[in-house]
Amino acid sequence: MCGIVGYIGTQQAYPIILKGLKRLEYRGYDSAGIAIYNGNDLGICKTKGKVADLQKKCEANIELEGSIGIGHTRWATHGEPNDVNSHPHYSNSGNLAIIHNGIIENYDSLKKELSNRGYTFQSDTDTEVLVNLIEDIKTKENVKLGKAVQIALNQTVGAYAIAVFDKTKPNEIVVARLGSPLAIGVGDNEYYIASDASPFIEYTKNAIYLEDGEMAVVRLGKEIKVRKIHDDSLVDPYVQELQLNLDQIEKAGFDHFMLKEIYEQPSAIKDTYRGRMLPDQGLIRMAGIDDNLERFLNAKRIVVVACGTSWHAGLVSEYIFEDLARIPVEVEYASEFRYRNPVINKDDIVIAISQSGETADTMAAIKLAKENGAFVFGVCNVVGSSISRETDAGAYTHAGPEIGVASTKAFTTQITVLSLIALKLGKAKGTISNSDFHMYLNELELIPYKIEKALESNEHIIKVAEVYKDAKNCLYLGRGFNFPVALEGALKLKEISYIHAEGYPAAEMKHGPIALIDEQMPVVVIATKKGHYEKVVSNIQEIKSRKGKIIAIVTEGDTAVREMADHMIEVPDTIEAFTPLLTTIPLQLLSYHIAVMLDKNVDQPRNLAKSVTVE
Ligand code: F6R
């Protein structure tokens, strides 16, 4: 978690860093800070709260004029969110300033050693320990900043993306990464440093992404030198040309990023299948699968590892893979998988799903699977992310940047990619007929238009949200392909409106949760006219006879549920396997509108961060 930004060049650093921090706020937003070298000394501004609070505090601070600086937006790990614990942190001499995303796990023992040598600490953070360790080494060993950083990092255990500079040598910033992302934007006689490319996209399209275990000295007027932290060997930096543009990371007239991203789903899904799905030719082309087709066809089992919403997409894929490709699937929380002693075989394919491509637990699960000889395939959204690089092969979702903390278009595009894979394997294995394959492809091509239709229920959903916005609890029920959608609907409501919600397979209700139902309990039931429709209708009757309030997500034209439900939200008809792509839309909108009515911070819900780079 945490977002870091740095600048060294000829422009004023403060506005660039401030704007960059606003773009990275999805990574953490409990405190923020900026340090600029003003030609004389370090101008410092830090505060508890959001980047907007930082801006208020920094305004009219002339000390923040200068063209080298660093900034940070924090998601607290060590030490509560307050002004003192905010980054940047300084060494005891006041010469070195650092920003850090990650955790130094052995900070306690390092702190004791440094304290014994007379160092004092203002904050409770691991980062202040690291900057003093660097200073200690620099002084004791009489080495340059880059060397001191390297020696210090070889003494640390943990994860980091850091940027450090020395006010007595204000023409360079030293950066390093292990387990947390770090990109360097290469401009014309200027460099940008950031957790991702969004802070510098309007200034340069050229970027170097450091790999884990690499560091660089970013010096004005010099080419960037990248080296391995552990053995000092030089690495040829690869300057990548970015495809991202500014429009993609702004709100485009929507009140919130979440709403914009909900509405982007039709185009995002088209971007996901474009060039891969060729219905006219009866083909699916995916390089990551084509290059490893034998391995996939011989797989005895697929193990999906993921967290949160991505885990829900994995659960949907379990139904899809088993149905279409007849491959057994297990779906694991990455955080549990990594600490079990899981049985993994060489014939297993592990699919890691992650929007950000930076989730620490998913990354650790991948490493464990690889150590055990499994082939790991990544489904990521962020191009060049750590997970996309760590996996043996993969497919990007191409959903475009997802800024709202609550995942929306990531979910539907992940399901799209996973459906394409299942269809491709099903066809190659002969577990689906050619005519069914064509029918699925044609239907998937129509899904974006059907989502557009589902989005037309927005005004109606606002009215439903109005009725239930003050509920204290909410149940979500679904069966088969739509059981994971019930889990996802409940997660969306919890995380942005802070209303307690639970998702259940509809038939499990009678094994416990039915006791919760009374006239106060809204129950969202996904009852599309597919699969277990009659069974779900029976579940609705059971809820009705206990006076629960029913919000039913139904197929267009449904009449049977109308008699029982308090509210109906219609979605277009589709093949059962693709119903999650439609039923999830009203659930996203319902959560969104309830959260807005409750005046919650939709894009940045409390205690959360977009990319969870700590375990
Ligand atoms: C919920 C949400 C989270 C993420 C989870 C995994 O709306 O966004 O549950 O899905 O933190 O993140 P990624 O997909 O980036 O690995």
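Each ligand, and each atom within it, is numbered from 1 in the order the structure gives. Heads up: numbering here begins at 1 and tracks the sequence. Only this structure's heavy atoms are used, side chains among them; waters, hydrogens and symmetry mates stay out.
- Every atom of ligand 1 with a heavy atom of Gly308 under 4.0 Å away is listed here by number and element: 9 (O), 10 (O).
- Polar contact check, Val405 against ligand 1: a nitrogen or oxygen pair lies under 3.5 Å apart.
- Ion pairing between Arg340 and Glu336 fails under the 4.0 Å rule for side-chain N and carboxylate O.
- Considering only non-hydrogen protein atoms, atom 16 (O) of ligand 1 sits nearest to Thr359 OG1, 2.5 Å.
- At a threshold of 4.5 Å between non-hydrogen side-chain atoms, the residues Tyr476 and Leu493 count as touching.
- Against a heavy-atom cut-off of under 4.0 Å, Ala406 is close to the following atoms of ligand 1: 7 (O).
- In terms of polar-atom proximity, defined here as any N/O pair under 3.5 Å, Gln414 makes no such contact with ligand 1.
- Within ligand 1, counting atoms from 1 as listed, the ones closer than 4.0 Å to a heavy atom of Ser310 are 10 (O), 13 (P), 14 (O).
- With ligand atoms numbered from 1 in the order given, ligand 1 contributes 1 (C), 7 (O) to contacts under 4.0 Å with heavy atoms of Lys492.
- Here the protein heavy atom with the shortest distance to atom 15 (O) of ligand 1 is Ser356 OG, 2.6 Å.
- Taking the six-membered ring where the residue is Trp, His87 and His72 present parallel rings, their angle staying beneath 30° rather than reaching 60°.
- Contact of the Val596 side chain with the Asp255 side chain is not registered, since no non-hydrogen atoms from C-beta on lie closer than 4.5 Å.
- When only non-hydrogen protein atoms are considered, atom 4 (C) of ligand 1 lies nearest to Thr309 N, 4.0 Å.
- Close approach to Ser354 involves these atoms of ligand 1, each under 4.0 Å from a residue heavy atom: 13 (P), 14 (O), 15 (O), 16 (O).
- Close approach of ligand 1 to Glu495 is summarised as follows: ligand atoms under 4.0 Å from at least one heavy atom of the residue are 1 (C), 7 (O).
- Side-chain contact between Ile99 and Ile193: absent, with no pair of heavy atoms (C-beta onward) separated by less than 4.5 Å.
- Of all protein heavy atoms, the one lying nearest to atom 6 (C) of ligand 1 is Cys307 O, 3.3 Å.
- For Phe483 and Tyr319, the ring centers sit 6.0 Å or farther from each other.
- The closest approach between any non-hydrogen atom of Leu608 and ligand 1 is not below 4.0 Å.
- If you look at Tyr238 and Tyr209, their ring centroids are not closer than 6.0 Å.
- Counting only heavy atoms from C-beta outward, the side chains of Pro401 and Arg23 never approach each other to under 4.5 Å.
- Val612 CG2, 4.0 Å is the protein heavy atom nearest to atom 11 (O) of ligand 1.
- Using a 4.5 Å heavy-atom cutoff, the side chains of Val304 and Glu318 are not in contact.
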